[in-house]
Protein chains: 2
Amino acid sequence: MRPLIHPAIEDVRPEAIIHALSDPNRAAIFAKIMRAGCVQACSAVAALGDRVIPKSSLSNHFKVLREAGLIRSERHGVELRNHSRWAEVEERFPGLLPAIINAYASNAPSGAQGAGPSKGE
Amino acid sequence: MRPLIHPAIEDVRPEAIIHALSDPNRAAIFAKIMRAGCVQACSAVAALGDRVIPKSSLSNHFKVLREAGLIRSERHGVELRNHSRWAEVEERFPGLLPAIINAYASNAPSGAQGAGPSKGE
DNA sequence: TCCCATTGTTCGGAAATATGGAACTATGAT
DNA sequence: ATCATAGTTCCATATTTCCGAACAATGGGA
């Protein structure tokens with residue numbers, strides 16, 4: 001098992017962040033990590049809306065978020081705890097995260113607050 | 001030749017915009033269209049920085065921007081004129097475009113044909 | 001008119017990336 | 001030691017992207 005990779009904030013590339021959040025599932029995961037008080041185990045987001053995400057896919061989504069510089073993951077026993085790196089990213093790219101999270105939220109169909117996968121149009 | 005597809009602003013989905021701009025080339029093209037006074041022929045961006053983009057790739061980049069709702073293209077004789085839909089998109093997703101364009105611009109090394117207004121120097 | 005230069009689109013195959021089931025690893029508990 | 005839990009890795013399939021080449025559409029001559 002490879003060690004977890006966390007880029008230094010100055011190495012974070014805007015396209016990596018934007019690409020990571022261009023997937024509604026990942027954006028929803030990231031929004032959830034933030035809303036959860038900045039700490040969230042991976043398994044806590046096993047489902048988004050009505051859709052169950054396979055754990056191999058989930059693992060990959062967390063990896064993308066991590067390597068983009070959006071979250072920091074620490075092992076605690078058998079689980080990972082994921083912290084949002086919001087403050088760092090916000091300082092480096094002001095307004096980027098709020099605007100993206102907001103865009104998804106304002107497009108959300110029902111009471112699904114935050115960034116959720118759209119289930120129709 | 002199919003007609004050009006321009007989604008109504010209310011049908012524009014945030015993930016489409018974010019995905020379109022998650023490619024640095026497309027973000028640079030979009031930024032250039034804005035800087036050029038909101039009208040630009042496709043051929044005017046045949047090269048970005050030192051890289052020449054094949055025209056089939058360029059055609060596809062413009063298509064992605066268009067169908068994401070970021071630009072509007074009109075045929076004028078043999079060429080297309082591309083207008084940014086900034087104002088509409090800004091109203092629908094406030095702050096999204098400035099934040100993304102700014103993120104690329106603030107990351108651009110000197111001289112690189114980056115996206116957006118330069119920040120300092 | 002016919003020909004041709006210019007602009008952009010479409011096609012098709014190769015390369016890259018994403019998805020998810022199954023097997024695996026690592027840790028804690030009994 | 002054995003088991004359960006939480007994530008990772010492997011790998012085959014599916015989807016997307018890239019770009020050269022052929023094509024289409026328009027305008028300008030001769």
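Naming convention: chains lettered A, B, ... in sequence-line order (proteins, then strands); numbering from 1 in each chain. Quick caveat: nothing in here was measured; it's all calculated off a predicted structure.
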Could you work out, with salt bridge (charged side-chain N to carboxylate O under 4.0 Å, His left out) as the rule, every residue matching A/Arg81, not counting sequence neighbours?
A/Glu79
With A/Ser73 via side chain to side chain donor-acceptor pair (under 3.5 Å) - residues at least two apart:
A/Arg66, A/Asn82
Clusters formed by hydrophobic residues whose side-chain heavy atoms approach within less than 4.5 Å: which one holds A/Leu80, and what are its other members?
A/Leu4
Residues from residues 58-79 of chain B sitting under 4.0 Å of DNA chain D, heavy atoms only?
B/His61, B/Gly77, B/Val78
To the nearest angstrom, the CD1-C1' distance between B/Ile5 and C/dT9 comes to 13 Å
Under a single-linkage rule joining Ile, Leu, Val, Met, Phe, Trp and Tyr whose side-chain heavy atoms are separated by less than 4.5 Å, which residues share a cluster with A/Ile5?
none
Partners passing side chain to side chain donor-acceptor pair (under 3.5 Å) against A/Glu74 (at least two apart in sequence or in another chain)
A/His76
With 3.5 Å as the limit, what N/O pairs link the protein to nucleotides 19-23 of chain D?
unit_1	atom_1	unit_2	atom_2	d
D/dC19	OP1	B/Arg51	NH2	3.1
D/dC19	OP2	B/Ser57	OG	3.3
D/dG20	N7	B/Ser56	OG	3.1
D/dG20	O6	B/Ser56	OG	3.2

Can you measure A/Arg2 atom CZ to C/dT25 atom C1' for me and round it to whole angstrom units?
13 Å
Given atom CG of B/Asp23 and atom P of C/dA16, what is their separation to the nearest angstrom?
16 Å
Rounded to the nearest angstrom, tell me the gap between atom CG in B/Leu80 and atom P in D/dG27.
13 Å
Going by heavy atoms in the side chains, are A/Val12 and A/Phe93 under 4.5 Å from each other?
yes
Give a yes/no on whether any side-chain N or O of A/His19 is located under 4.0 angstrom from OP1 or OP2 of C/dA18.
yes
Residue pairs fulfilling side-chain hydrogen bond (donor to acceptor under 3.5 Å, both in side chains) with at least one residue in residues 53-62 of chain A, sequence neighbours excluded:
A/Arg26-A/His61
Any residue meeting salt bridge (charged side-chain N to carboxylate O under 4.0 Å, His left out) with A/Glu88, in chain and number order, not counting sequence neighbours
A/Arg72, A/Arg85
